[in-house]
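Reading through the C-alpha cells given below for one structure.
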Amino acid sequence: MKNTVFPGVLVVAGLAAGVAGATTLEDVQARGKLNCGINTGLVGFAAPDANGEWSGFDVAYCRALAAAVLGDPTAIEFVSLTGKTRFTALASGEIDALSRNTTWTYSRDVDLKFTFVGVNYYDGQGFIVPKALGVNSAKELDGATVCIQTGTTTELNLADFFRANNIGYEPVPIETNAEAQQQYLAGACDTYTTDASGLAATRATFEDPSAHTILPEIISKEPLGPLVRHGDDQWADIARWTLNALIAAEEFGVTSANVDEMASAPTDNPEVNRLLGTEGNLGEMIGLPADWAVKAIKAGGNYGEIFERTIGESTPVGLARGLNAQWAEGGLMYAPPFR
C-alpha cells in the first residue's frame, strides 16, 4: 500500500516526457480528461461500486483536481495501480497525478524525482490480528507469520521493529491489499501489517470486524499525499494548491453546499475572497479560471466533508480525525495562506 522503492533510473523516460513539448496542464486540457492513479481497491480510499464507479478519500482528490483544471469532476480516467506499478506509471507519463495512499519520503522526492504536493493523511504502520490469537501488543508477535506487500519500505519498517525488539518473524509476501486480506482471513499469516488507516479500511470489509484487533503500536511515520513528476512546476502548483484549497475551505467554513453563495459576492474575509476568486488573481497565476477553487470544492466538498463521507467515524472504516484534524482543533491540517 505504500513505500515502494524503485531505482531512480526508472524516472528518466517520464521526466523527458514531462518537460518536453506541451506542459502537463496543456496535455490534460487537450486530452479533455485527467489520468489519475489510484489504489487497486481499498474501501474508503479508492474502490469501485457495482457499476464500476470509483469513490473514496483519494478518489475525491482526483475529482477535485479534474474539476479545477477541466471544470468537470467526472473528466477522469482512473488507473488502478499496485504498490509496485504506481511509480512506473507516474514516471512514464501514463498518469498525470498519483493519489494512492503513498508515503512522502526523501528518496522518492529526491532520487525518484517526484514532487509530493502535500500531506492529505498523517498515518503510521500498524498490525492487525485475530482476537482469537490472544495477542495484545506487537511485541508479542515473536515467531509470527506476517503478510506484507512486497517491494515496499513497509518491509524495512517491519524488519527494523522486530530487530529492535529482538524477536523473529516469517514474512508472507503478497502483491495487493485484496491478496493480503484473502491470505490473512485464510490463516496463512498471523498478522497483516500496513498503514493503520489501510488496516481499518480492510477490517471494515470483514464479515465480523469485531473479531479482529488493530494492535496499539504505530511503528513508523507515514505522511501520505498526492504526487506528480518533477519538471513541471506549474502542474505541481496546481496539484498542491487544489489540495490546499480543500483544507482551507474547511477552516473557513466553505462547503459544497454554500460555496456558490459565498462566491456570488465578496465576503468580509479577504482570504476567502481570494480563495474563491472574487478578489485578486490567484487563478491567473497558475493558468486557471478565477473560480478554479470553487469548482474543486463543489466536486466533493472541503477536506472535512471528504474525510467524514469516505473514512470518518460514521463510515465502516471508522477513522477519527486525530492528527488529521484542523490545526485549530489540535491536528496538523492547515493550508498555507491564499494571498
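Treat the numbers as computed from the prediction; the structure is a model and nothing was measured.
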Main-chain N/O of Leu224 paired with Thr103 side-chain donor or acceptor, under 3.5 Å: no
Under 3.5 Å donor-acceptor, Lys131 side chain and Ser210 backbone: yes
Centroid-centroid under 6.0 Å between His212 and Phe206 rings: yes
Modelled atom types, side-chain donor and acceptor of Asn157 and Gln125, under 3.5 Å: yes
Beyond-backbone contact of Val69 with Trp235, side-chain heavy atoms, under 4.5 angstrom: yes
Co-members of Leu158 in a cluster of I, L, V, M, F, W and Y side chains, linked at under 4.5 Å: Phe127, Val129, Leu133, Val135, Leu141, Val146, Ile148, Phe161, Phe162, Ile167, Tyr169, Leu215, Ile219
Fellow cluster residues of Tyr106, listed by chain then number, with links counted only when side-chain atoms sit under 4.5 Å apart: Val110
4.5 Å side-chain heavy-atom contact, Arg86 and Thr82: no
Atom CD of Glu140: over 12 foreign heavy atoms under 6.0 Å: yes
Glu53 and Arg63 ion-paired at < 4.0 Å: yes
Student check: side-chain heavy atoms of Glu94 and Val79 closer than 4.5 Å: yes
Derivation and outcome, side-chain contact (heavy atoms from CB on, under 4.5 Å), residues Gln183 and Cys147: CA-CA 8 Å; Gln183 295 284 74; Cys147 278; 3.8 Å; yes
Side-chain cluster (under 4.5 Å, hydrophobic types only) that Val172 belongs to, other residues: none
Sub-4.5 Å side-chain heavy-atom contact between Leu227 and Leu90: yes
Backbone N/O of Gly253 and side chain of Asn258: donor-acceptor pair under 3.5 Å: yes
Heavy-atom neighbours of Asp233 CG exceed 12 at 6.0 Å: no
Donor-acceptor contact present, side-chain Thr242 to main-chain Ala239, <3.5 Å: no
Path from Leu332 to Phe307 over hydrophobic side-chain contacts below 4.5 Å: yes
Student check: side-chain heavy atoms of Leu288 and Leu25 closer than 4.5 Å: yes
Hphob cluster co-occupancy, Ile218 + Leu199, side-chain heavy atoms under 4.5 angstrom: no
Side-chain donor/acceptor of Thr85 to backbone N/O of Leu81, under 3.5 Å: no
Thr255 and Asn302 side chains, donor-acceptor separation under 3.5 Å: no
Hydrophobic cluster identity match, Leu243 and Met285, side-chain contacts under 4.5 Å: yes
Pairs satisfying disulfide bond (SG atoms under 2.5 Å apart), at least one member in residues 47-114, at least two apart: Cys36-Cys62
Check: Ala67 main-chain N/O paired with Asp72 side-chain donor or acceptor under 3.5 Å: no
Heavy-atom pair with the smallest gap, counting every atom of Asn273 and Thr267: OD1-N, 2.6 Å
Donor on one side chain, acceptor on other, Glu217 and Ser137, under 3.5 Å: yes
Heavy-atom side-chain proximity of Met262 to Leu276 below 4.5 angstrom: yes
Pair Asp58-Asn39, side-chain donor/acceptor within less than 3.5 Å: no
Stepwise side-chain contact (heavy atoms from CB on, under 4.5 Å) test for Val294 and Ile297: CA-CA 5 Å; Val294 173; Ile297 296 162; 6.0 Å; no
Minimal non-hydrogen separation, Pro73 against Ala299, with atom names: CB-CB, 3.7 Å
By side chain to side chain contact (heavy atoms under 4.5 Å, CB included) - contacts of Ala47 (at least two apart): none
Backbone N/O of Glu305 and side chain of Glu308: donor-acceptor pair under 3.5 Å: no
Pair Lys84-Glu175, salt bridge (charged side-chain N to carboxylate O under 4.0 Å, His left out): steps then yes or no: CA-CA 8 Å; Lys84 282 187 172 182; Glu175 290 285 343; 3.5 Å; yes
Student check: side-chain heavy atoms of Val117 and Val228 closer than 4.5 Å: yes
Shortest non-hydrogen contact from Thr145 toward Cys189: OG1-CA, 3.1 Å
Lys295 bridged to Asp291 by N-O distance under 4.0 Å: yes
Backbone N/O of Thr102 and side chain of Arg100: donor-acceptor pair under 3.5 Å: no
Pair Asn101-Tyr121, side-chain contact (heavy atoms from CB on, under 4.5 Å): steps then yes or no: CA-CA 8 Å; Asn101 52 313; Tyr121 193 95; over 6 Å; no
Chi angles and distances behind the side-chain contact (heavy atoms from CB on, under 4.5 Å) call for Phe338, Asn244: CA-CA 9 Å; Phe338 278 79; Asn244 287 335; 4.0 Å; yes
Validation row: Arg203, Val317 side chains within 4.5 angstrom (heavy atoms): no
Exercise: do Thr194 and Gln149 side chains pair donor with acceptor under 3.5 Å: no
Residue pair Ala201 / Val43: nearest heavy atoms and the distance that separates them: CB-O, 3.0 Å
Spacing of Leu282 atom CG and Trp292 atom CH2 [to the nearest 0.5 Å]: 7.5 Å
Any donor-acceptor N/O pair, Asp195 side chain to Gly124 backbone, under 3.5 Å: no
Donor-acceptor under 3.5 Å (Glu26 side chain, Thr23 main chain): yes
Considering all heavy atoms, the nearest Leu65-Ile238 contact: CD1-CG2, 3.8 Å
Side-chain H-bond candidate by donor/acceptor type, Thr40 with Asn177, under 3.5 Å: no
Flag if over 12 foreign heavy atoms under 6.0 Å of CG, Asp208: yes
Minimum-distance pair of heavy atoms, taken over all atoms of Asn165 and Lys139: OD1-CE, 3.5 Å
Phe45 ring center within less than 6.0 Å of Phe57 ring center: yes
For residues 321-329, dump all side-chain donor-acceptor pairs below 3.5 Å to protein atoms at least two apart in sequence or in another chain.
residue: Arg321; atom: NE; partner: Asn324; partner atom: O; Å: 2.9
residue: Arg321; atom: NH1; partner: Glu250; partner atom: OE2; Å: 3.0
residue: Arg321; atom: NH2; partner: Glu250; partner atom: OE1; Å: 3.1
residue: Arg321; atom: NH2; partner: Glu250; partner atom: OE2; Å: 3.4
residue: Arg321; atom: NH2; partner: Asn324; partner atom: O; Å: 2.9
residue: Asn324; atom: OD1; partner: Tyr122; partner atom: N; Å: 2.6
residue: Asn324; atom: ND2; partner: Tyr122; partner atom: O; Å: 3.3
residue: Gln326; atom: NE2; partner: Ile247; partner atom: O; Å: 3.0
residue: Gln326; atom: NE2; partner: Glu250; partner atom: OE1; Å: 3.0
residue: Trp327; atom: NE1; partner: Glu251; partner atom: OE1; Å: 3.4
residue: Trp327; atom: NE1; partner: Glu251; partner atom: OE2; Å: 3.3

Basic-acidic side-chain contact under 4.0 Å: Arg31, Asp96: yes
